[in-house]
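No hydrogens, no waters, no symmetry mates; every other heavy atom, side chains included, goes into these values.
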Amino acid sequence: MRFGEALAGGGFNGDGKADLAVADRGSVHIYRGGFSSRTGSTGKVTQHHHEDLLEVTGIAAGKVTKDKATDLYLLGQGYAKNRMTSGTWFVRGGSTIKRGPYLSYNRTEPLYGAQGVIADFDKNGYGDLALNDSPYNKDAGSVLVVRGGKSGPGPSYRITQSTAGVATSATKGDAFGGRIAVGDTNYDGYPDLAAGSTGEKVGSFKHAEGVYILRGGKKGLTGTGSRWFTRATPGVPGTLFSYGSFGTRLGMRDVDRDGYADLLASEYGTTSTLLRGGKAGGTTASAQEIPMNANIAP
């Protein structure tokens, strides 16, 4: 069953108590708060299953609608028209957990270990889902954005390296969006998205990798004003080399508590490159390496 394949916390029934969502191979279990460390007991437990989502590999939790309850997107692999595909299933929170629609978004090559985040990129009160789809277009990659709405998922659109304002060009194998993280880097109230390009060639160095910061705004997440950082960017510490894995793991956190979200880009070890936020978004000013793995930064 692979119970515990993915976990997420939130107020899924809107009663003000923290709940826990636990995925197994093809379903999600909602454990209602409160929890007792003394007896190990929880509140009511329900299981929710979708016949098209065969393997859950990730959960994105956040407020998609305007009610008080936290909603869920389950990410994984399923079937559409008898073909294996990447997909996401919306589960609406509330006093009664409701099954929502299933969205199949990559019918050519499923992505194992999909990653998604929920944020209100256009500040209209509805949470949008951003998820990585690095196999898109012969592994050139993309970030798929599903707009939030009154009843849940709305229209979707993609951001790629061919999107206006995004630096560099889309190339087979770039894996744009291979890793993502969310935070407000320029303190304008709109969440921004960090997107790693895990197969990016930088100069003559193969798979040197790099990180984009895509801006949120009135039109949602776009390429306008985006930033692009690699080990070759002046001010970024470290040495550029092939298979450098810069940005293999990403996190956003306001580490200096100045209101600007800072970017942490890790390789496979425990050290991260810290790029501080600012009025222009991510910046290399005061960039440094710190002993923190980006995975622990929300």
Side-chain angles (χ1 to χ4, degrees), residues 1-65 69-80 82-106 109-118 127 129-135 144 146 152-153 178-182 248-251 268 293-298:
M1 288 180 60
R2 295 186 180 180
F3 183 78
E5 182 77 17
L7 306 171
F12 301 117
N13 63 348
D15 65 356
K17 296 179 180 180
D19 308 313
L20 178 66
V22 183
D24 58 26
R25 190 174 185 89
S27 64
V28 62
H29 306 255
I30 305 294
Y31 289 79
R32 311 295 204 281
F35 299 94
S36 172
S37 59
R38 182 175 60 85
T39 65
S41 63
T42 73
K44 182 180 179 181
V45 182
T46 58
Q47 182 180 11
H48 309 272
H49 174 78
H50 196 289
E51 59 275 6
D52 291 323
L53 190 60
L54 303 181
E55 185 174 4
V56 179
T57 58
I59 300 176
K63 292 187 177 180
V64 177
T65 64
T70 303
D71 305 304
L72 290 167
Y73 279 99
L74 273 66
L75 315 174
Q77 292 77 47
Y79 273 102
N82 296 319
R83 292 189 64 176
M84 195 69 172
T85 177
S86 292
T88 180
W89 171 36
F90 177 70
V91 179
R92 183 170 181 174
S95 56
T96 300
I97 306 297
K98 297 180 180 179
R99 288 175 43 141
Y102 174 75
L103 171 65
S104 174
Y105 63 88
N106 189 326
E109 182 180 351
L111 172 62
Y112 294 90
Q115 182 186 6
V117 295
I118 296 174
L129 171 70
L131 55 84
N132 60 342
D133 186 12
S134 53
L144 180 70
V146 183
R179 291 292 183 271
I180 57 176
V182 67
T248 295
R249 296 167 178 156
L250 299 177
Y268 289 105
N293 192 307
N295 278 356
I296 71 171

Test L72 against I59 for side chain to side chain contact (heavy atoms under 4.5 Å, CB included), laying out the working first. CA-CA 7 Å; L72 290 167; I59 300 176; 3.4 Å; yes
Rounded at 0.5 Å granularity, tell me how far CD in Q115 sits from CG in L131. 9.5 Å
CD/E5 to CG/L74 distance, rounded to the nearest 0.5 angstrom? 11.0 Å
Working to the nearest 0.5 Å, report the span between OG of S104 and CH2 of W89. 15.5 Å
Would F90 and V64 count as a side chain to side chain contact (heavy atoms under 4.5 Å, CB included) if you check the C-alpha gap in whole Å, the side-chain angles of each, and the deciding distance to 0.1 Å? CA-CA 10 Å; F90 177 70; V64 177; 3.8 Å; yes
Nearest 0.5 Å please: distance from the OG1 atom of T65 over to the CG atom of D71. 4.5 Å
Calculate, to the nearest 0.5 Å, the distance between atoms NE2 and CG belonging to H29 and D24 respectively. 3.5 Å
Which donor-acceptor pairs under 3.5 Å do side chains of residues 6-20 form with protein atoms, sequence neighbours excluded?
| from | atom 1 | to | atom 2 | distance (Å) |
| --- | --- | --- | --- | --- |
| N13 | ND2 | D15 | OD2 | 3.3 |
| D15 | OD1 | K17 | N | 2.9 |
| D19 | OD1 | G33 | N | 2.8 |
| D19 | OD2 | F12 | N | 2.8 |
| D19 | OD2 | N13 | N | 3.3 |

Walk me through whether V117 and I180 qualify under side chain to side chain contact (heavy atoms under 4.5 Å, CB included). CA-CA 8 Å; V117 295; I180 57 176; 4.2 Å; yes
Side chain to side chain contact (heavy atoms under 4.5 Å, CB included) between R99 and V91, intermediate numbers included: CA-CA 5 Å; R99 288 175 43 141; V91 179; over 6 Å; no
Applying side chain to side chain donor-acceptor pair (under 3.5 Å) to T46 and not counting sequence neighbours gives R32, H48
List the residues meeting side-chain contact (heavy atoms from CB on, under 4.5 Å) with V146, not counting sequence neighbours, and say none if there are none. Y73, L103, L129, L144, P153, S156
